[in-house]
J.: 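Following this message is one structure expressed as structure tokens.
By convention here, the first residue in the shown sequence is residue 1. What you see is a predicted model; the values in this text were computed from it and never measured. In what follows, every heavy atom counts, from backbone to side chain, and hydrogens, waters and symmetry copies are set aside.
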Amino acid sequence: MSMTKKPVTGMKDILPREMEIRDYAIGLIKETYKKFGFTSVETPAVEHIENLSSKQGGENEKLIFKILKRGEKLRLDEARSADDLVDGGLRYDLTVPLSRYYSNNANELPSPFKALQMGNVWRADRPQRGRYRQFMQCDIDILGEPTNLAEIELILATSTLLGKLDFKNFTIRINDRRILRAMVDYAGFEPLTTVSEEGVEPVKADAVDYDGIFITLDKMDKIGLDGVREELISVGNSSETVDKYLELFNKTTPDVAGIKFLKETLGEFLDESVTDGLAFIIQNVEAAKEAEFKMAFDPTLVRGMSYYTGPIFEISMDEYGGSVGGGGRYDEMIGRFTGQQTPACGFSIGFERIVMLLLERDFKVPGSAEKTAFMIEKNMPEDKMAKILTMAKERRAAGENINLVIMKKNKKFQKDQLKAEGYTEIVEFFSDRDI
């Protein structure tokens, strides 16, 4: 059977040019985030399947790469479903593993704990531009801090990093899951009745389907306000309720004034500390930011993960045409492991998308050492080779990058290739010449 040279669908080989940018970005990320007090941690790529399937990860739980049980635990003849055959899976994000990590190691960690985690995650998603089935995530999280200082620090650290990578005029959109719920309650949505099948009585749900409404709202940028209205009505919501709901979005501006409008309008449906907290975050970030970007209140921002409990945020860049990062507060997740609520908030940048944009810009890594190639004639005498190796060692010790290559017949092509790789000096050594 012949072997396949292409990588598995949705995964990619990384060429040297991209690897240079990735290494630089990783170094800058760690340097920048550590200045904000974040500490590097690492978690395993494989997680317990029950943690990954805890209904915390939204649609991502449908995209898990599951791992079969091994040895005697794999009992094919006794399995009633696919779930009986697996006990682990590749992590689809870094938040669930971090929550388990903190729950397991809290006694040995400071409080609050500021974590920096970078690593590959896997999702059985449909590959497209900037989206892969294996990709690196870069997260910073603050665990144990209940105040909005956590959100402010996360946004400032992330935006400072993007500024250092020469990104400008991006937007960080912010909302709060509690505002999303209050808007639904204000509009008067009721539990829906399931469509009856033949011989089956209709059944009314016990509670309002908040997640279903949010999933539809999240399509606003694709199907527009009219599309959202049509979809909400099509599942059984009254047109009066839907119109009252969507009217809120028409009247809300993308700034602190918009937050104030919702504070006054939603009244008893929302604790004023929620809107005051969002305004506090925006005003303080604007006052202390280093990079060139703007904060915008966006009441349509949902974020797909159901584990979010408070403020949520997302980075938008016009040159990408979508999100290149996001995060939010998830105060209830750690409690699912420990039984004790722990405040938690995190921000993740889309590392792969950031690298892709840098490549498309033909980004030059700043401050890199000059690259010199020593082209050595084939069959160089031993004494002269020793001199060349010593010379290379001395120049490397002085901070240069020296690459030794054997001279090929087509020297012009070889030189052109080296120049394309970034070598600014090429030194030729011949056996019949002094060194």
Side-chain angles (χ1 to χ4, degrees), residues 50 52-64 81 83 92 125-126 173 175-252 258 261-271 274-275 278 297-312 314 323 326 328-333 335-336:
E50 59 268 28
L52 297 176
S53 305
S54 60
K55 301 190 185 302
Q56 296 288 295
E59 291 295 304
N60 290 326
E61 294 193 6
K62 299 176 182 178
L63 307 175
I64 299 170
S81 70
D83 292 338
Y92 54 72
D125 208 345
R126 183 171 62 86
R173 298 181 294 131
N175 195 14
D176 194 298
R177 295 284 285 200
R178 292 166 293 185
I179 290 177
L180 286 168
R181 291 179 69 93
M183 293 172 79
V184 170
D185 294 338
Y186 166 84
F189 282 87
E190 295 183 355
L192 294 175
T193 301
T194 58
V195 178
S196 61
E197 299 178 9
E198 188 175 347
V200 179
E201 287 295 319
V203 178
K204 192 170 186 177
D206 295 329
V208 174
D209 182 18
Y210 291 100
D211 284 343
I213 296 170
F214 298 160
I215 288 170
T216 301
L217 178 64
D218 200 29
K219 302 175 185 177
M220 180 79 80
D221 60 337
K222 297 178 181 176
I223 63 177
L225 202 67
D226 291 340
V228 170
R229 181 182 188 276
E230 183 178 334
E231 188 166 319
L232 288 175
I233 292 174
S234 70
V235 296
N237 296 297
S238 72
S239 59
E240 293 81 4
T241 297
V242 173
D243 288 340
K244 184 178 181 181
Y245 177 59
L246 296 181
E247 185 64 19
L248 290 172
F249 299 100
N250 280 327
K251 293 182 176 180
T252 304
F261 163 74
L262 287 181
K263 175 182 177 179
E264 295 170 350
T265 304
L266 298 178
E268 62 179 308
F269 296 99
L270 182 67
D271 191 308
V274 175
T275 46
L278 272 192
F297 172 56
D298 184 356
T300 69
L301 179 63
V302 173
R303 299 291 296 160
M305 303 298 194
S306 57
Y307 53 60
Y308 290 124
T309 58
I312 50 178
E314 200 163 87
S323 170
R329 183 167 284 276
Y330 53 100
D331 285 347
E332 298 176 1
M333 183 180 288
R336 293 174 67 94

J.: Can you tell me how far the CG atom of Asp298 sits from the CE atom of Met220, to the nearest 0.5 Å?
T.: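 Asp298 CG to Met220 CE: 9.0 Å, rounded to 0.5 Å.
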
J.: If you measure from CZ on Arg178 to CG on Leu180, what distance do you get to the nearest 0.5 Å?
T.: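 So the gap between those two atoms works out to 11.0 Å.
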
J.: At their closest point, which heavy atom of Leu301 faces which heavy atom of Asn175, and how far apart are they?
T.: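 It is O-ND2, 3.0 Å.
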
J.: What heavy-atom pair brings Ser53 and Ile64 nearest, and what distance separates the two atoms?
T.: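 Smallest heavy-atom distance, with atoms named: OG-CD1, 3.9 Å.
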
J.: Nearest 0.5 angstrom please: Thr300 OG1 to Lys219 NZ, how far?
T.: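 It comes to 14.5 Å.
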
J.: Return yes when atom CD of Glu50 has more than 12 non-hydrogen atoms of other residues, nucleotides or ligands closer than 6.0 Å, and no otherwise.
T.: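 More than 12 heavy atoms, drawn from other residues, nucleotides or ligands, come within 6.0 Å of this atom.
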
J.: To the nearest 0.5 Å, what is the distance between CZ (Arg303) and CD1 (Ile312)?
T.: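 Result: 7.5 Å between the selected atoms.
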
J.: Can you tell if the side chain of Tyr210 reaches within under 4.5 Å of the side chain of Asp185, non-hydrogen atoms only?
T.: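 Touching, per the 4.5 Å side-chain cut-off.
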
J.: Any chance you could lay out the side-chain contact (heavy atoms from CB on, under 4.5 Å) test for Asn250 and Glu247, step after step, and finish with the verdict?
T.: CA-CA 5 Å; Asn250 280 327; Glu247 185 64 19; 3.7 Å; yes

J.: Is the shortest heavy-atom distance from the side chain of Tyr245 to the side chain of Leu232 under 4.5 Å?
T.: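 Answer yes - side chains close enough.
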
J.: Looking at every non-hydrogen atom in both residues, tell me the closest pair between Thr241 and Gly188 and how far apart they are.
T.: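 Scanning both residues, the minimum pair turns out to be CG2-C, 3.8 Å.
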
J.: Search all heavy atoms of Asn237 against all heavy atoms of Glu190 and return the closest pair with its distance.
T.: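 Looks like OD1-O, 4.5 Å.
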
J.: Are any of the side-chain heavy atoms of Phe297 and Thr252 separated by less than 4.5 Å?
T.: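 In short, these two side chains touch, coming nearer than 4.5 Å.
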
J.: After noting the C-alpha distance and the side-chain angles of Tyr92 and Leu63, does the key distance pass the side-chain contact (heavy atoms from CB on, under 4.5 Å) rule?
T.: CA-CA 8 Å; Tyr92 54 72; Leu63 307 175; over 6 Å; no

J.: Measure across Leu217 and Pro299 and return the closest heavy-atom pair with its distance rounded to 0.1 Å.
T.: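 Looks like CD2-O, 4.1 Å.
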
J.: Can you find a heavy atom in the side chain of Leu248 that is under 4.5 Å from one in the side chain of Leu266?
T.: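 Yes, close enough: below the 4.5 Å cut-off.
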
J.: For Met183 and Ile179, what are the C-alpha separation, side-chain angles and deciding distance, and is it a side-chain contact (heavy atoms from CB on, under 4.5 Å)?
T.: CA-CA 6 Å; Met183 293 172 79; Ile179 290 177; 3.8 Å; yes

J.: When rounded to the nearest 0.5 angstrom, what distance separates CZ in Phe189 from CZ in Arg181?
T.: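 That separation rounds to 13.0 Å.
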
J.: Evaluate side-chain hydrogen bond (donor to acceptor under 3.5 Å, both in side chains) for Glu231 paired with Thr216, printing each intermediate quantity in order.
T.: CA-CA 7 Å; Glu231 188 166 319; Thr216 301; 3.2 Å; yes

J.: Can you tell me how far apart OH (Tyr330) and OH (Tyr307) are? Round to the nearest 0.5 Å.
T.: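 Tyr330 OH to Tyr307 OH: 7.5 Å, rounded to 0.5 Å.
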
J.: Backbone N or O of Glu314 within a donor-acceptor pair of the Ser323 side chain at under 3.5 Å?
T.: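 No, the answer is negative, given that no donor and acceptor are paired below the 3.5 Å cut-off.
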
J.: Would you mind reporting whether Leu225 and Arg229 have side-chain heavy atoms less than 4.5 Å apart?
T.: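 They are not in contact (no side-chain heavy atoms under 4.5 Å apart), so the answer is no.
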
J.: Does the side chain of Lys263 reach to within under 4.5 Å of the side chain of Leu270, using non-hydrogen atoms?
T.: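 A side-chain contact is absent here, since even the closest heavy-atom pair is not under 4.5 Å.
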
